[in-house]
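Here is how names work: the chains are called A, B, and so on, in the same order as the sequence lines, proteins then strands, and each is numbered from 1. Keep in mind that this is a model prediction, so the values were computed, not measured.
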There are 2 protein chains.
Amino acid sequence: MSTPRPVTDSGDHPPSRRERFRQATIDEIKRTARAQMADEGPAGLSLRAVARAMNITPSALYRYFQGIDDLITALCVDAYNALADAVNSSVATVDERDPADHAARWWAFARGMREWAIANPADFALIYGTPLPGYEAPLEDTRPAGLRFTGTALRILSDAVDAGAIDLDTALIQHRPTISDDLSAALDAAGIFSDRRGIAILLGAWTILQGHLTLELFGHFEWLHIDAGTLFDEHVRAMMLTMGFDHAAAVPPRRTPSATPPT
Amino acid sequence: MSTPRPVTDSGDHPPSRRERFRQATIDEIKRTARAQMADEGPAGLSLRAVARAMNITPSALYRYFQGIDDLITALCVDAYNALADAVNSSVATVDERDPADHAARWWAFARGMREWAIANPADFALIYGTPLPGYEAPLEDTRPAGLRFTGTALRILSDAVDAGAIDLDTALIQHRPTISDDLSAALDAAGIFSDRRGIAILLGAWTILQGHLTLELFGHFEWLHIDAGTLFDEHVRAMMLTMGFDHAAAVPPRRTPSATPPT
DNA sequence: CTCATGAGTTGACGGTGTTCTCTATCGAAG
DNA sequence: CTTCGATAGAGAACACCGTCAACTCATGAG
């Protein structure tokens with residue numbers, strides 16, 4: 001489906017000299033594009049500017065990407081993976097201390113997401129902000145990477161429910177959403193969330209994270225001169241109470257003092 | 001500050017023939033620009049395309065707007081005002097039935113916002129989505145319109161607290177955010193929310209609305225094949241419980257059956 | 001009637017994504 | 001070591017974009 005891209009590799013046994021150079025160029029293009037995106041947002045990305053920064057002709061980029069849409073897709077996949085890596089490593093530091101502290105795992109997940117978003121605002125905007133004008137993400141390339149993040153959240157919540165750290169009956173969210181048969185079958189196969197209320201809880205949590213991060217990163221808290229970090233913690237705390245977490249009252253201390261992220 | 005724009009009006013007593021024509025042209029430009037924005041999002045707006053649609057030269061537009069940024073600012077202000085009008089009229093229909101039903105007022109506010117956002121996704125993205133690449137909104141023009149919306153929410157919540165429909169002590173959000181002295185003074189002058197917990201409650205509600213609407217409008221619920229309308233109601237319901245509303249258990253019937261908005 | 005002011009056009013500049021044609025180099029096969 | 005196909009890149013062109021300067025022409029006020 002997406003293979004008409006000009007590629008060198010026929011077999012994949014040893015990365016030949018040419019293929020290594022090719023991969024290095026692809027990496028440099030993506031790196032340059034990300035740097036440019038960081039300056040003026042995802043919509044400010046420009047093939048010609050990337051080429052200029054690399055001392056290369058714009059048309060030369062077409063040896064590596066079919067066009068700017070293809071480059072954007074690659075950046076989207078990288079961003080999804082980077083976000084998933086960030087939250088996974090954040091949760092992992094809890095796991096190696098006490099894998100049974102499910103509330104701490106969720107805190108690590110939420111804070112890990114925020115820290116990644118603040119460190120990489122352009123990537124966050126790319127995947128969770130306004131869709132780019134003429135661009136439609138090819139889901140067959142993008143979805144797997146995107147589901148890694150969702151999967152981590154799903155696993156944390158599912159584990160918490162199984163361990164009794166979340167009591168679905170005391171959760172304020174009691175909705176059982178109707179979901180597609182595909183997803184339903186996938187969940188049953190994975191043996192998680194046979195109680196559909198978990199889906200609603202996950203969606204509610206996602207909504208709050210998305211809401212806070214878009215408001216914060218897109219500058220809507222600035223005129224309030226409010227401490228966004230503390231506010232985020234309060235949102236997570238309230239969210240955990242509505243989710244049915246048992247011990248959510250205590251906000252764990254923050255690793256980094258509440259510094260305003262550089263805008 | 002923003003008056004070097006070429007304007008005709010010296011006095012404002014009778015709108016002269018010229019000024020009427022001028023205003024009509026301005027309206028047509030904004031209408032054309034909004035139609036174009038609706039097609040391919042805020043970042044897809046193009047002065048030349050607007051001029052083309054109006055059978056006019058691009059440079060002619062500079063008689064009416066200093067540049068594309070100035071046009072964007074005008075569209076932002078219009079969007080803020082349209083949103084405020086939408087939620088105000090939505091709340092007004094409740095008020096003329098029973099102004100003391102504070103839960104119903106909040107429901108009307110929330111649903112009014114969603115209905116407006118679904119009907120005008122480009123305008124929503126313009127003011128609450130990813131900031132446009134080179135554009136920085138001039139706050140002195142934009143803020144007053146933006147505050148109309150905030151003010152409506154503030155008033156509904158304040159009234160609800162005063163009437164006892166919201167019990168701040170039972171709210172899950174107990175945070176008292178530190179806010180700027182300006183805002184603090186303004187609140188005191190208006191005699192609302194001397195209890196700062198109300199601010200946190202307002203911010204929490206705003207976060208959920210923003211989160212749900214960006215997720216829904218930017219297409220992140222599509223692969224779930226979920227009923228976004230029902231999900232929204234559940235989010236509002238849970239939100240009202242965390243806010244300390246007393247009778248939030250019942251979701252009021254929807255006026256429009258949950259039809260998927262045209263994408 | 002005069003004439004400044006407004007609306008509008010024309011043409012240019014530098015920027016953008018994209019495509020086509022051409023050249024030089026690399027790497028492997030003979 | 002030579003040959004030759006594949007690859008990387010250059011260059012020019014096209015249509016689009018925002019913006020500006022100079023110019024024309026009609027309007028409306030004195």
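Residue S46(B) places at least one side-chain N or O under 4.0 Å from the OP1 or OP2 atom of dG18(D). In terms of phosphate contacts, Y64(A) brings a side-chain nitrogen or oxygen within less than 4.0 Å of OP1 or OP2 of dG9(D). Checking the phosphate oxygens (OP1, OP2) of dG6(C), no side-chain nitrogen or oxygen of R22(B) falls inside 4.0 Å. Between Y62(A) and the phosphate of dT19(C), there is no side-chain N or O to OP1/OP2 separation shorter than 4.0 Å.
Nearest to the side chain of I68(B), among dT27(D), dT16(C), dT19(D), sits dT19(D).
With the nearest nucleotide of DNA chain D identified for both Q36(B) and F21(B), Q36(B) has the one nearer the 5' end. If you find the closest nucleotide of DNA chain D to R48(A) and to I56(A), the one lying nearer the 5' end belongs to I56(A).
In this model, a side-chain donor or acceptor of S59(B) finds a partner on the base of dT10(C) within 3.5 Å.
The distance between atom CZ of F65(A) and atom C1' of dT19(C), rounded to the nearest whole Å, is 19 Å. At whole-Å resolution of the value, CZ in R18(B) and C1' in dG8(C) are 12 Å apart. In this structure, CZ of R63(A) is placed 14 Å from P of dT23(C), rounded to the nearest angstrom. Put simply, OH on Y135(A) is 21 Å from P on dT16(C), counting in whole angstrom units. Rounded to whole Å, atom P of dG9(D) lies 9 Å from atom CG of L61(A). Taking atom CG of residue L47(A) and atom P of nucleotide dC17(D), one finds them 18 Å apart after rounding to whole Å. Protein atom CD1 of I29(A) is 15 Å distant from nucleotide atom C1' of dG17(C), rounded to whole Å. Between the CD atom of E28(B) and the C1' atom of dA7(C) there is a distance of 14 Å, given to the nearest Å.
For the pair R148(A) and D85(A), the salt-bridge criterion is met [side-chain N within less than 4.0 Å of a carboxylate O].
Ring centroids of F221(A) and F232(A) are separated by 6.0 Å or more, keeping the two rings apart.
The minimum heavy-atom distance between M113(A) and V87(A), with the atom names listed, is N-CG1, 3.6 Å.
In this structure, a donor-acceptor pair under 3.5 Å is absent between the side chains of Y128(B) and T130(A).
Although no hydrogens or angles enter the test, the distance criterion places no donor-acceptor pair under 3.5 Å between the side chain of S184(B) and the main chain of S180(B).
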